[in-house]
Amino acid sequence: MTSATPAQEIHSLRERLNTWNYQYYVLDDPQVPDAEYDRCLRRLEEIEGAHPDLVTPDSPTQRVGAEPLPAFLPVRHALPMLSLENAFDASELEAFDARVRERLAAGDEDIQYACEPKLDGVAVSLLYRAGHFERAATRGDGTTGEDITSNVRTIRSVPLTLRGAGYPAVLEVRGEIYMPREGFESLNARAREQGEKLFVNPRNAAAGSLRQLDSRVTASRPLQMCCYGVGLVEDGDLPAAHADVLSCLQDWGLRINAESAVVTGVDGCHAYFDNMAARRNRLPYDIDGIVFKVNELALQQRLGFVSRAPRWAIARKFPAQEEMTRLLAVEFQVGRTGAITPVARLEPVFVGGVTVSNATLHNADEVARLDVRIGDTVIVRRAGDVIPQVVSVIAEQRPSEAKPVVFPQACPVCGSAVERAEGEAVLRCMGGIVCAAQRKAAIRHFASRRAMDIDGLGDKLVEQLVDAGLVTGVAEIYSLTREQLIALERMGEKSADNLLAALEASKSTTLPRFIYALGIREVGESTARNLARHFGSWEALSAASESQLLSVEDVGPVVADHLRQFFDSPSSLAAVESLRAVGVDWEDEQVRVSAQPLAGQTWVVTGKLESLTREEAKARLQSLGARVAGSVSANTNCLVAGPGAGTKLTRAQELDVPIMDEQELLQLLDEHAVSA
DNA sequence: CTACCTCGAGCTCA
DNA sequence: CTCGAGGTAG
């Protein structure tokens, strides 16, 4: 043997393994037999075993998973993870291209588009600092996701160290974690042999694998990572076109999609789409569409964003998958507001990756439009994350005994009168609190997390409580006794005590939560918050006149009317009184009358802000009454410009539009006490 | 809307 | 072991 020190040998083994790994997982081009790879890996394990001090977290041996986590920690994204606009046919894609060219004043000139398949998996963000894999996070709500670092570390196509040089000191890579079909099949085959539960599709298998607290389980799952873009970049430069950014990522050791291509103009996009659509079933992974991005980053910057999506990218989805099945029955569900919704009970059918057995039929108009009868063969569609729908009826297959859908003359739950308001499509039960269905829904809403947050009071329990007649209104849930609870199904002493404790804890709440919990029609979380802020106390709110209500942000005549109806109803007020009587309490809010000093003005925000995102800045300006536009024009009243502002700043200067920096903006917001 | 993971606790049977 | 509740994802 040579005289290499253990450290030297470890180094050389890691280099070799990383290179082979790169060739295998990123380039799809294995250069050595698996046996050779395994031999080196075992040798590395052996030396590391003898010298534990030389083990580093980015060693190729560190992909076997670690001790289970107690929970996933929240991660705030430095730059929000946005979603994509969807196009469902060629014309919507053309409309997108037309908008892009118009905004860029490109005339007849064709735009270069970077195209690639949209993998059906889970979106993630990877953070590399000084070339070392530091953190992986899920998308979550776009702003805050979950830390899944230890799970992602086990995925071979995620490099633990970036290759070469020239990568930025801080590099956030965005991509999709998915399970190739082959891996999915073998995973399920193994599960079937062991008599375990099977995953229904590769996407759910990937999502489920990533949600394991024990990353050793994740390590045993055939997951892959494929990168499609970057997020935060600090101290470093990237090329000026998206496709070149992707090849850079590949050089740094990150896997990118082999089908990525750049095409010219919308015709190029159509051709790419048609080609992929034809080859879709032969791809080694599931895809649900094709993503098109304006290739030049400078153009992307000029296009900017609309609320939650970039204006320079779109996903053209494949046509929704459709299947035939039978309509077994139509049931009528009564919602919290009494709305009676017809729900189709279907012969279960596997469509678009899930088993569909229910679908809403919305209302009488929809039922009439479809002319659907019970017993009919119907076509059911499920497009991606869209709710399943009954598309049409196959009239030729209608059996003679097919029965028409008859809407109830009275509420199917309580027998009260039903009514269809003028100009409305929905049928409503007029029973209100008399109706058990509405009572159940009201209690579920009251107890829900964003309302009174009563832990342990779930659907089944509400069902039992109302059916047993133990509870008729929300206030009565606070008078339940331990004995009453223990008598219920699946309720032991421990569960009963937990629920009683949760009930007690919920009594101390906040005014916005309380208002929201009441379930007044059209009063959601944000309206409840506005009302609480505007009036400060329950007394002030309940005494408010129609015109006072109308002056609250987001409250129009319809909402004001619902509010007045609530406050004019003795039974509603009595319910509030009983809640207060059992001890439900809150602190009054600081009154923040929205003076709307910027009403009628148009503002624009550009560049990078330090202490808040552009979205937040926008929201706060809007709360002062400003309209926040995407581009600067002669009508713009003020431009808020952070560092890196481009053409918008130039244009504002040309047009003599006042310009403000972040400090001045913060000062302005502060003066008007705008916080959320 | 459906599917998945995790947890606590009740149920069941040895 | 099974159920219900609560959370996530697309």
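Every value quoted in this text rests on a predicted model; they were computed, and no experiment measured them. Proteins come first, then strands; the chains are lettered A, B, ... in the order of their sequence lines, and each starts at number 1.
Aromatic rings of A:Phe273 and A:Phe318 (six-membered ring for Trp) have centroids within the 6.0 Å cut-off, being under it.
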request  = For side-chain contact (heavy atoms from CB on, under 4.5 Å), just list the numbers for A:Tyr25 and A:Gln224, CA-CA rounded to whole Å, side-chain angles, deciding distance to a tenth of an Å, and then say yes or no.
outcome  = CA-CA 9 Å; A:Tyr25 287 105; A:Gln224 286 243 339; 4.1 Å; yes
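Screening residues 337-351 of chain A for salt bridge (Lys or Arg N to Asp or Glu O under 4.0 Å) gives A:Glu331-A:Arg345 as the qualifying pairs, with residues at least two apart or on separate chains. Counting only residues at least two apart or on different chains, no salt bridge (Lys or Arg N to Asp or Glu O under 4.0 Å) pair has a member in residues 184-194 of chain A.
Non-hydrogen atoms lying under 4.0 Å from DNA chain C are contributed by A:Ile454, A:Asp455, A:Gly456, A:Leu457, A:Gly458, A:Asp459, A:Lys460, A:Leu461, all within residues 451-463 of chain A. Non-hydrogen atoms lying under 4.0 Å from DNA chain C are contributed by A:Arg203, A:Arg211, all within residues 190-214 of chain A.
When each of A:Gly492 and A:Asn358 is assigned the nucleotide of DNA chain B bearing its nearest heavy atom, the one mapping closer to the 5' terminus is A:Asn358. Nucleotides of DNA chain B nearest to A:Phe72 and A:Gly353 differ in position, and the one nearer the 5' end is that of A:Gly353.
Among the heavy atoms of the strands lying under 4.0 Å from A:Gly121 are primed sugar atoms or P, OP1, OP2 only; no base atom is included. The residue A:Ala123 sits close only to the backbone: its heavy atoms come under 4.0 Å of sugar-phosphate atoms, none of a base. Using a 4.0 Å heavy-atom cutoff across all strands shown, A:Glu489 reaches no nucleic acid atom at all. At a threshold of 4.0 angstrom between heavy atoms, the contacts of A:Gln464 with the nucleic acid are absent.
At B:dA9, one or more side-chain N or O atoms of A:Asn498 fall inside 4.0 Å of OP1 or OP2 (strictly under the cut-off). Put simply, A:Thr360 has no side-chain N or O that comes within less than 4.0 Å of OP1 or OP2 on B:dC1.
Take A:Tyr178 and apply the ring pair (Phe, Tyr, Trp, His ring centres under 6.0 Å) test, not counting sequence neighbours, and it matches A:Tyr285. Among residues two or more places apart in sequence or in another chain, the ring pair (Phe, Tyr, Trp, His ring centres under 6.0 Å) test is passed with A:Phe332 by A:Phe407.
Between the NZ atom of A:Lys118 and the C1' atom of C:dA9 there is a distance of 12 Å, given to the nearest Å.
Judged purely by distance below 3.5 Å, without hydrogens or angles, the side chains of A:Arg221 and A:Ser209 pair a donor atom with an acceptor atom.
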